[in-house]
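The next block holds one structure in the form of structure tokens; read it before the comments.
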Amino acid sequence: MKIKYNLLHNEKNTKARYGTLETNYGTFETPIFMPVGTQATVKTLDPDEIKEIGAGIILSNTYHLWLRPGEDIVDKAGGLHKFMNYDGPILTDCGGFQVFSLAKPKDISEEGVEFKSHINGERLFLTPEKSIEVQNKLDSDIAMSFDECPPYPVTYDYMKNSVERTLRWAKRGKAVFNNDRQSLFGIVQGGEFEDLRKWSAEETVKLGFDGYSIGGTSVGEDKPTMMKMIEYAIKYLPEDKPRYLMGVGEPTDLFEGVERGVDMFDCVLPTRLARHGHAFTKYGKINLRNAKYKEDFTPVDENCDCKCCRNYTKAYIRHLLVADETLGQRLLSIHNLRFLIKIMEDIRVAIKEDRFLELKEEFYSNYKNKN
RNA sequence: GCGGAAUUGGUGAAGUGGUUAACACGGUGGAUUGUGGUUCCAUUAUGCGUGGGUUCGAUUCCCACAUUCCGCC
């Protein structure tokens with residue numbers, strides 16, 4: 001079956017909303033933060049741990065699984081869920097972000113995008129049809145329409161052409177889509193240009209998708225610009241479909257996004273920061289490698305209920321990181337993910353009680369955002 | 001006791017008679033937003049064993065001493 005979104009409550013003072021999303025692999029509440037598991041694994045965590053931190057849905061990636069091990073192998077394994085032994089909902093990104101991070105502008109044509117494989121340098125050509133075909137075989141619960149995510153900043157003319165192309169790609173992908181257990185999201189682009197965001201949103205909605213994403217954010221623009229991008233796009237999206245802000249973000253970004261009506265987020269930050277020794281805490285981001293934690297025998301975040309914070313000290317985590325032991329990266333990955341998931345749990349309760357702004361204010365009063 | 005070689009930062013080391021002593025590791029900070037998984041950036045020796053001498057100028061040349069290593073008695 002396709003997913004089913006139920007809008008259950010609009011917060012009184014903001015555009016924040018509470019709902020549920022039903023999938024073949026269970027129902028989760030929104031707004032939600034989705035851990036990223038690019039290569040069919042949330043780096044360093046096993047599926048039991050993903051469940052343990054309260055994840056409702058995770059991400060995986062078309063481009064990476066297409067290259068390795070290949071969608072046919074995942075298909076033979078019985079689909080992505082069986083392949084990675086994860087029985088919760090999975091969303092696959094389309095590979096569009098890799099257009100942004102791997103390809104040069106001149107490699108992008110109407111037909112598709114030419115890549116050089118980051119694994120062996122082999123020339124590859126990814127098209128909207130291929131992206132959908134791969135995702136159909138991966139058998140994730142939610143697939144993403146193949147888009148171009150332009151860098152920032154880019155000229156109005158470039159963005160206009162890019163938005164047009166992304167719309168044509170969306171149409172082409174939709175035409176070959178062939179998996180009735182899977183749902184498909186469209187992606188709104190348009191950069192910081194209000195009229196392009198409006199146009200992109202309206203035209204994407206006309207094509208008709210099971211949910212809508214806001215793409216092209218967190219690519220180097222400043223925060224006020226990112227907020228405008230969200231606002232410009234979201235007012236043209238239908239109330240009765242989930243809205244997904246791609247690639248965001250930091251703890252404060254989650255509050256800002258929810259306030260503007262976003263239902264779903266994903267970001268590599270919690271796991272990447274963890275691997276580099278950083279942790280989110282109630283009071284801001286900290287670097288566990290800093291010398292000042294050498295003899296700090298308190299938890300990373302005393303308010304956190306995760307396995308890391310319940311059982312280990314900063315001094316121990318620091319030792320593991322400095323000694324390059326993988327347990328340090330694992331424990332911090334668990335903590336950082338739990339931290340963001342817990343924020344969303346608190347946010348959902350606050351929305352239902354119409355006190356989202358109070359929760360936001362309380363969080364901001366403690367959290368020192370270094371950016 | 002005699003002969004030889006060596007002595008540069010926390011470590012391994014390069015180097016030159018002339019403004020700021022290479023590089024690597026380590027240390028200390030910082031970065032990271034639909035993940036090209038151990039990355040990137042900054043910073044880290046006012047000093048080249050000690051004391052003299054030669055020279056306009058010595059870490060670099062000379063002498064003595066100290067320490068370490070190797071060989072011989």
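Computed from a predicted model, the values in this text were never measured in an experiment. All heavy atoms count here, side chains included; hydrogens, waters and symmetry mates do not. So that the names make sense, note that chain A is the first sequence line, chain B the second, and so on, each numbered from 1.
For B/C23, the paired nucleotide is B/G12, the pair qualifying as Watson-Crick or G-U wobble because both relevant distances are below 3.5 Å.
For A/Leu273, counting side-chain heavy atoms from C-beta on, the closest listed nucleotide (B/U32, B/G36, B/G34) is B/U32. With distances taken from any side-chain atom of A/Tyr244 to the nucleotides B/G34, B/G30, B/G37, the minimum falls on B/G34. Here the side chain of A/Asp93 is nearest to one of B/G34, B/G30, B/U28, namely B/G34. Closest contact between the side chain of A/Leu102 and the listed nucleotides B/G37, B/U35, B/G36 involves B/G36. For A/Thr326, the listed nucleotide lying nearest its side chain is B/U38; candidates were B/U32, B/U38, B/U35. Residue A/Gln98 has its side chain nearest to B/U35 when only B/G34, B/U35, B/U33 are considered.
Atom C1' of nucleotide B/G29 and atom NZ of A/Lys285 are separated by 14 Å, given to the nearest angstrom. Computed from coordinates, the A/Glu250 CD to B/A31 C1' distance equals 11 Å when rounded to whole Å. Distance NE2 (A/His278) to P (B/U39): 15 Å, rounded to an integer number of Å.
In this structure, A/Arg318 reaches the B/U28 phosphate: one of its side-chain N or O atoms is under 4.0 Å from OP1 or OP2. One finds a side-chain N or O of A/Ser101 lying less than 4.0 angstrom from the OP1 or OP2 phosphate oxygen of B/G36. A/Gln39 has no side-chain polar atom (N or O) that falls below the 4.0 Å cut-off from OP1 or OP2 of B/G36. At the phosphate of B/U33, neither OP1 nor OP2 sits under 4.0 Å from any side-chain N or O atom of A/Ser218.
Heavy-atom distances to RNA chain B give each of A/Asn290 and A/His64 a nearest nucleotide, and the one nearer the 5′ end belongs to A/Asn290.
Scanning atom types as modelled, no donor and acceptor separated by under 3.5 angstrom connect the side chain of A/Lys43 and the base of B/U38. Side-chain N/O atoms of A/His276 and base N/O atoms of B/U38 include no donor-acceptor pair closer than 3.5 Å.
Transitive grouping of hydrophobic side chains (ILVMFWY, heavy atoms separated by less than 4.5 Å) brings A/Tyr367 and A/Met344 into a common cluster.
Here A/Lys130 pairs with A/Glu71 in a salt bridge; the nearest charged N to carboxylate O distance falls below 4.0 Å. For the pair A/Lys160 and A/Glu164, the salt-bridge criterion is met [side-chain N within less than 4.0 Å of a carboxylate O].
In summary, the side chains of A/Glu11 and A/Tyr18 do not present any donor paired with an acceptor at a separation below 3.5 Å, with no hydrogens or angles considered.
A 6.0 Å sphere centred on CD of A/Glu295 holds no more than 12 heavy atoms belonging to other residues, nucleotides or ligands.
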